[in-house]
Protein chains: 2
Amino acid sequence: MAQKPSIPKGTRDFNPSEIAKRNYIFDIIKKNFQTYGFQPIETPSFENSDTLLGKYGEEGDRLIFKILNSGDFISKVDDATYADKKSASIAPRITEKALRYDLTVPFARYVVMHQNELDFPFKRYQIQPVWRADRPQKGRFREFFQCDADVVGSDSLLQEVELIQLYDAVFSELKLEGATIKMNNRKILAGIAEVIGAKDLLIDFTVALDKLDKIGEDGVKKEMLAKGIAEEAIEKASPLFLPQGSNDEQLERLDTLLKDSEEGKKGLEELRFILETIATLGLQSAKLAIDVTLARGLNYYTGAIFEVAAPEGVKMGSIGGGGRYDDLTGIFGLKNVSGVGISFGLDRIYLVLEDLDLFPEAIDQSLQVLCVNFGEKEAMAALKLVCQLRKSGVKADIYPSSAKMQKQMKYANNRNVPYVILIGEQELSKNSFIVKNMKEGSQEEYSLTKVEDFVNHLS
Amino acid sequence: MAQKPSIPKGTRDFNPSEIAKRNYIFDIIKKNFQTYGFQPIETPSFENSDTLLGKYGEEGDRLIFKILNSGDFISKVDDATYADKKSASIAPRITEKALRYDLTVPFARYVVMHQNELDFPFKRYQIQPVWRADRPQKGRFREFFQCDADVVGSDSLLQEVELIQLYDAVFSELKLEGATIKMNNRKILAGIAEVIGAKDLLIDFTVALDKLDKIGEDGVKKEMLAKGIAEEAIEKASPLFLPQGSNDEQLERLDTLLKDSEEGKKGLEELRFILETIATLGLQSAKLAIDVTLARGLNYYTGAIFEVAAPEGVKMGSIGGGGRYDDLTGIFGLKNVSGVGISFGLDRIYLVLEDLDLFPEAIDQSLQVLCVNFGEKEAMAALKLVCQLRKSGVKADIYPSSAKMQKQMKYANNRNVPYVILIGEQELSKNSFIVKNMKEGSQEEYSLTKVEDFVNHLS
């Protein structure tokens, strides 16, 4: 009863080469998270449903994967509900757990549950998969990793400064030079809505503004009008539709526009502090640019808002984003804990590095040395050599059977092995081994009593 | 509407210190997997239900977590089934996906799906979580990691030899010395059942034999009788109830017992080859011991069977196990692919290392340096220093606000930071910084123009 196997749509198998590349990115992100003082936590793949439901809006609730209760689940559904046969009312009676939808809500839950064990400010990073029952499409998966770094328990703007430096450090180490870190501030957006007299329409205003890139000035104005923002208000906001210009030009423009809004001025002050501090400290390769059209998850952010764009010329949505939120843990009963965080878009960073050919050359070289197997006696000598090589940290292997030379060499080629070792009868009698450099085709002979000579040559 | 948050039973949050310790184990296992030529793969957390169901027996099927279909799932249940209100018949109509139960079946599915891309022998390792709806109890979780290394596509006994060396290499590097790798062979068990005339009762025989440790000779004999094994057959098998003795003593005993069974003799020959080769190559710290009572998942294994016991004196079940199986991929339509593999029991290894105090001392030192924050101007100098330290790979941080000294030092203590850096007004004027060694209480002053002096001191 053999089945033709497949995997669920929107999920992926990762082969060794893909994992090597993914780990290359993960390792650089992790290393920098750690040098910046962040500590790792991990939370369970599934949470109690009530931890997750209602936290991501109606659309989010629909996209959360629910886990069927074990055992005789259906007997727990009361007759009236059962008779109705409605999915929405039956679901909560037959599921109690759901797969993690992001890392933010589980983190908030973690902070509240463990608040007495934590030292605030608590800087945590978390790199784990999340699951969404989204319609799969190119670059969008039902299972994917999120990489988040957040600080909770400090409202110092130094955190924002650090997170920008962290982005810069990671992208620089990935050699992804010229990434642009776009920055905005919720208070500036609120200030604008206030001074143009559209305070109640802040969200509509920013959602429309956010589309400037895509639908142009006319499109944005049309949408604002449709949402009930007065023509006069739109007129007042018109400086925002100008070509962006330098950070200084934008600050000047905003100074004028926001002179009558306390909240707007506060936002500007924050923006200025961050820009100036970053200017003093310097960035390695990234650019930092004000972008007042940036709104991302506005309901959520209360201060700085970040988004990272890939270097110019690379067609790719944002490769990172984040911001400050002032009441993340409030949903679980812990009030007044300010937080700020960023995340890295692994799958997109992967595609960009692939696109720009930035992965290290030898990244999928999973084996450094393969010993050819010439038969039982020779294999024993090769096995001893392999033992020594492995103890020295060399990735080494012996072909498991004395198959035809051609077959063994083909295996070495397919696995992209740089060195093949030959110990035949002749070498055995001389107590030596021959190393074949697969790239250059050259050969060298070493003594089996001086394996370290070869090991030193490798490193 | 604040909820008091909790996590599902049988699941765990991991704090930074626990993660550091888990990663210490994972990293050593991974490193050795790699030096032994294994390559990583990853498979999705959930598989199509038909990939998993029916592979782990009835009990296994019950313990598999099923994922509720999205959308209006209940409308897909036909009226007759719905009217019946039976969980067993409704479940397959409202779920199509299920969480991975182990790494072996997904691996078999992977090999079959990707057979044309793989180079055989394919040596893969996989370290991912699995989920089981088991009753949670001490040391048994509903979400836990498995660490597996398998070779498929080679029937060479050198693979068994390598896997034993791999166990030895990992446990030696973990400083867990004196672990015992117990080894048996399915063919020996079959041979015994044959010569005592209980061939049809092989499973009952081995299940009973496996309990020798727990219920003693009398208990085992009683169980065998109850299962229908003749008294005379049990009498013939009695050498197996003797104290184990050395490997040589056991081989001798088995030679006599199995002299009339071809299969048994084949098993003995395999056992001998592995023992002799290992004797030639040597082990670093583990012991290799024949254990004919070892049966583990007998239905599954066809040759060697392994199990690792923690060093004597540590009360803990097996910390690893594995063996050879000859038709893993057959369930998915790929016949005649022999495989052999081992796994490491992460949670138990963790407990053993904790028990024996074998984790490195500084393992949860997540921050090497903390700069005290004395106010805006001083903080800017500290921030620059922190930048430099981080670029040199030092885990460094600055306290985000100029809180009271006592509060900042308490934070440094709680985070177990070895060095605290002070840049006050005085240091600022001298362009210097003071390093306080938190363990020794001593202080040293460095120039801000020669940060590398301090960095060198650290490494």
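A, B, ... follow the sequence lines: proteins, then strands. Residue 1 opens every chain. Just so it is clear, the model here is predicted, and its values are computed rather than measured. When reading the values below, keep in mind they use all heavy atoms of this one structure, side chains included, and skip hydrogens, waters and symmetry mates.
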Exercise. Kindly assign one of parallel, tilted or perpendicular to the pair B:F38 and B:F33, based on the angle between their ring planes and the thresholds 30° and 60°.
Key: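 Ring orientation, 0 to 90° scale: tilted.
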For chain A, the option from [options] that forms the most heavy-atom pairs under 4.5 Å:
options: B:S70, B:S45, B:S17; answer: B:S45
options: B:T35, B:L157, B:T95; answer: B:T35
options: B:A133, B:S366, B:P400; answer: B:P400
options: B:I398, B:L118, B:D397; answer: B:D397

So for [X], is it side chain, backbone, both, or neither that comes closer than 4.5 Å to the heavy atoms of chain A?
X: B:E162; value: side chain
X: B:I67; value: both
X: B:E376; value: side chain
X: B:K123; value: side chain
X: B:I94; value: side chain
X: B:A91; value: both
X: B:E47; value: both
X: B:N373; value: side chain
X: B:Q34; value: both
X: B:R390; value: both
X: B:K391; value: side chain
X: B:E96; value: neither
X: B:L367; value: side chain
X: B:S154; value: side chain

Nearest-0.5 Å distance, [atom1] of residue [X] to [atom2] of residue [Y]:
X: B:T280; Y: A:M380; atom1: OG1; atom2: CE; answer: 5.5 Å
X: B:R93; Y: B:S75; atom1: CZ; atom2: OG; answer: 13.5 Å
X: B:F46; Y: B:W131; atom1: CZ; atom2: CH2; answer: 9.5 Å
X: B:N416; Y: B:D364; atom1: CG; atom2: CG; answer: 6.0 Å
X: B:R100; Y: B:F107; atom1: CZ; atom2: CZ; answer: 14.0 Å

Quiz item: Between A:Y110 and A:R124, is there a cation-pi geometry (under 6.0 Å to ring centre, at most 45° from the normal)?
Solution: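 Not flagged: A:R124 not positioned over aromatic ring of A:Y110.
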Mind listing the closest non-hydrogen atom pair of [X] and [Y] along with its distance?
X: A:G54; Y: A:D61; answer: N-OD1, 2.9 Å
X: B:F65; Y: B:R132; answer: CE1-C, 3.5 Å
X: A:V105; Y: A:T51; answer: CG1-O, 3.5 Å
X: B:P5; Y: A:M113; answer: O-CG, 3.4 Å

Practice problem: Assert yes or no for the condition that the ring centre distance of B:Y36 to B:Y125 is strictly below 6.0 Å. | Solution: no
Heavy-atom pairs under 4.5 Å with chain B - which of [options] has more of them than the others?
options: A:S401, A:A20, A:P121; result: A:P121
options: A:L281, A:V394, A:I7; result: A:I7
options: A:R415, A:R12, A:Q165; result: A:R415
options: A:F73, A:Y411, A:Y82; result: A:Y82
options: A:L99, A:I41, A:L158, A:D119; result: A:D119
options: A:T11, A:N48, A:T43, A:L68; result: A:N48

Quiz prompt | B:K9 atom NZ, neighbour heavy-atom count above 12 within 6.0 Å | solution = no
Practice problem: Count the heavy atoms belonging to other residues, nucleotides or ligands that lie under 6.0 Å from NZ of A:K410, then report whether that count exceeds 12. | Solution: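 Not more than 12 within 6.0 Å, no.
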Quiz item: Given A:H114 and B:D13, is the side chain to side chain donor-acceptor pair (under 3.5 Å) satisfied, shown in steps?
Solution: CA-CA 10 Å; A:H114 300 276; B:D13 281 332; 2.8 Å; yes
Name the region of [X], side chain, backbone, both or neither, that has any atom closer than 4.5 Å to a heavy atom of chain B.
X: A:L383; answer: both
X: A:E42; answer: both
X: A:K97; answer: side chain
X: A:E18; answer: neither

Exercise. Examine the side chains of A:N32 and A:E173 and answer whether a donor and an acceptor come within less than 3.5 Å of each other.
Key: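 A:E173 and A:N32 do have a side-chain donor-acceptor pair below 3.5 Å.
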